[in-house]
K.L.:
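One structure, as structure tokens, below. Some questions next.
Nothing fancy with the numbering, it's 1 onward along the sequence. Just so you know, ligand 1 is whichever comes first in the structure, and atom 1 is the first atom listed for that ligand. None of the values given here were measured: they were computed from a predicted structure.
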Amino acid sequence: MIIVLRPSATDRDIQKLVVRIRGLGLSPHVSRGKERTVIPVIGDDRVLATVPLLSYPFVEKVLPVLAPFKLVSREFHPKTTLVRARGLLVGSRRVAIIAGPCSVEDERMIIRIAKAVKRAGATALRGGAFKPRSSPYSFQGLGEEGLRYLAAAREATGLAVVTEVLDTRDVGLVARYADVLQVGARNMQNFELLKEVGMSNRPVLLKRGLSATLKELLQAAEYVVSRGTDQVMVCERGIRAVEDYTRNTFDLNAIPVLKELTHLPVVADPSQATGKWSYVHPMSLAAVAAGADALIVEVHDRPEDAKSDGEQSILPVRFAALVKAVRKVARSVGRTA
Ligand code: PEP
Ligand code: MN
């Protein structure tokens with residue numbers, strides 16, 4: 001439930017209400033805006049319904065939150081949240097571009113690709129050290145060794161490092177090396193992991209699950225944010241639909257819908273969404289036109305030898321062309337890149 005106060009509400013009024021709500025065992029989160037104060041209340045709405053809130057003259061209205069998420073909703077926080085990690089800034093007018101290989105394969109390779117994507121205009125480096133592979137026989141990533149190589153690539157380029165964490169037991173370890181923790185599609189509803197990354201002091205890039213609705217994605221984001229951080233990005237990376245010509249179906253609708261529902265910045269991953277390198281360029285442009293705050297793109301300089309996702313990885317030269325095209329599209333929708 002969200003309690004909207006009249007502009008005339010005083011600090012004493014707010015305090016009175018907060019004490020009453022706490023007395024019911026619920027948690028009020030007072031949010032003071034320029035125009036008015038709103039108080040989203042976390043807990044069982046039925047308990048709050050026993051209080052005649054509108055009898056307080058300083059209460060303007062009480063909104064039952066139909067969406068089962070509050071802290072991540074735009075109603076709660078109308079302005080888009082800025083997520084920061086070193087030089088990476090997501091949620092501003094400027095579209096951020098995160099790029100790099102699917103997996104870290106060795107030190108020279110990640111440094112080489114990091115330099116190439118930086119030169120082309122990337123603002124952060126991606127690369128998996130812990131890989132969630134569909135088959136247990138596929139390359140599972142280099143683990144901590146891969147994290148060390150990512151840190152070396154950051155050292156060489158200054159780019160912020162985005163990498164996935166698969167397991168609650170590794171959150172501390174990954175947070176020591178990475179600037180942003182990625183929670184992958186397959187872990188979107190790993191609630192223990194969501195709580196743990198929410199307490200890691202690192203921004204989180206949360207991917208939409210393979211068959212998750214946007215409501216479920218935002219509920220997952222709510223888990224992270226409820227741990228006390230607002231540094232969360234939500235990412236559309238394609239879903240399972242009837243079409244199987246492409247690896248997944250890129251849900252372009254998700255971008256404007258998420259922009260409307262949440263203040264968290266929205267990232268698009270055209271690489272996992274299409275599964276084929278030749279579709280990454282057009283779908284990146286579509287995502288930016290639709291309002292994405294950032295792209296995360298797989299880039300590899302020898303895709304034919306890649307240990308994972310070579311088919312969907314673009315060459316650095318194509319990535320450089322993509323960045324140029326993204327800048328044009330960004331400008332046409334009132335943004336930069
Ligand atoms: C990836 O980014 O390489 C990845 C495995 O992503 P997802 O979790 O979206 O499949
Ligand atoms: Mn991948």
K.L.:
Could you tell me whether Lys195 and Glu192 have a side-chain N and a carboxylate O separated by less than 4.0 Å?
P.N.:
yes
K.L.:
Nearest heavy atom to atom 3 (O) of ligand 1 wins, so pick from Glu236, Arg247, Arg126, Lys207.
P.N.:
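The option holding the nearest heavy atom is Arg126.
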K.L.:
Determine, for Arg247 against Asp309, whether the closest basic-nitrogen to carboxylate-oxygen distance falls under 4.0 angstrom.
P.N.:
yes
K.L.:
Give a yes/no verdict on whether any heavy atom in Gln182 is under 4.0 Å from an atom of ligand 1.
P.N.:
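Checking ligand 1 against Gln182, which is what was asked, there is a heavy-atom contact under 4.0 Å.
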K.L.:
With the Mn ion (ligand 2) as the centre, enumerate protein N/O/S atoms below 2.8 Å in chain and residue order.
P.N.:
Cys102 SG, Glu298 OE2, Asp309 OD2
K.L.:
Between Tyr245 and Lys276, is there a cation-pi geometry (under 6.0 Å to ring centre, at most 45° from the normal)?
P.N.:
yes
K.L.:
Is Lys131 in polar range of ligand 1, meaning some N or O pair under 3.5 Å apart?
P.N.:
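Looking only at distances, the answer is yes, because the N/O contact criterion of under 3.5 Å is met.
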K.L.:
Would you mind listing which atoms of ligand 1 come within a distance below 4.0 Å of any non-hydrogen atom of Gly184?
P.N.:
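Answer for ligand 1: 8 (O).
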K.L.:
Looking at Arg208 and Asp251, what are the two nearest heavy atoms and their distance?
P.N.:
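In terms of heavy atoms, the two residues are closest at NH1-OD2, 2.9 Å.
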K.L.:
Which atoms of ligand 1 sit under 4.0 Å from any heavy atom of Cys102?
P.N.:
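In order of numbering, the contacting atoms are 3 (O).
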K.L.:
Indicate yes or no: does Asp13 engage Arg6 in a salt bridge with an N to O separation below 4.0 Å.
P.N.:
no
K.L.:
Would you mind running through ligand 1 and noting each atom that sits below 4.0 Å from a heavy atom of Arg237?
P.N.:
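Under 4.0 Å from Arg237, ligand 1 has these atoms: 7 (P), 9 (O), 10 (O).
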K.L.:
Report yes if some N/O of Ala185 lies less than 3.5 Å from some N/O of ligand 1; otherwise report no.
P.N.:
yes
K.L.:
Between Gln272 and Glu298, is any side-chain donor less than 3.5 angstrom from a side-chain acceptor?
P.N.:
yes
K.L.:
In plain terms, say whether Glu105 and Lys307 are close enough for a salt bridge, that is, a side-chain N and a carboxylate O under 4.0 Å apart.
P.N.:
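Result for this pair is no, no salt bridge flagged.
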K.L.:
Between Glu164 and Arg126 (salt bridge meaning N to carboxylate O under 4.0 Å), is one present in this structure?
P.N.:
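No.
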K.L.:
Under 4.0 Å from any heavy atom of Glu298, which atoms of ligand 1 are there?
P.N.:
1 (C), 3 (O)
K.L.:
Taking only heavy atoms of Arg186 into account, list the atoms of ligand 1 that are under 4.0 Å away from them.
P.N.:
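Numbered from 1, ligand 1 contributes 7 (P), 8 (O), 10 (O).
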K.L.:
Check whether Thr262 reaches the backbone of Val72 with its side chain - one donor and one acceptor, N or O, closer than 3.5 Å.
P.N.:
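Here the side-chain-to-backbone pair exists.
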K.L.:
So do the side chains of Asp293 and Arg335 get within less than 4.5 Å of each other, counting heavy atoms only?
P.N.:
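Side chain of Asp293 against side chain of Arg335, heavy atoms only: contact under 4.5 Å found.
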K.L.:
Determine, for Arg169 against Asp167, whether the closest basic-nitrogen to carboxylate-oxygen distance falls under 4.0 angstrom.
P.N.:
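Result for this pair is yes, salt bridge flagged.
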K.L.:
Around atom 1 (C) of ligand 1, find the nearest protein heavy atom and jot down its residue, atom name and distance.
P.N.:
Gln272 NE2, 3.3 Å
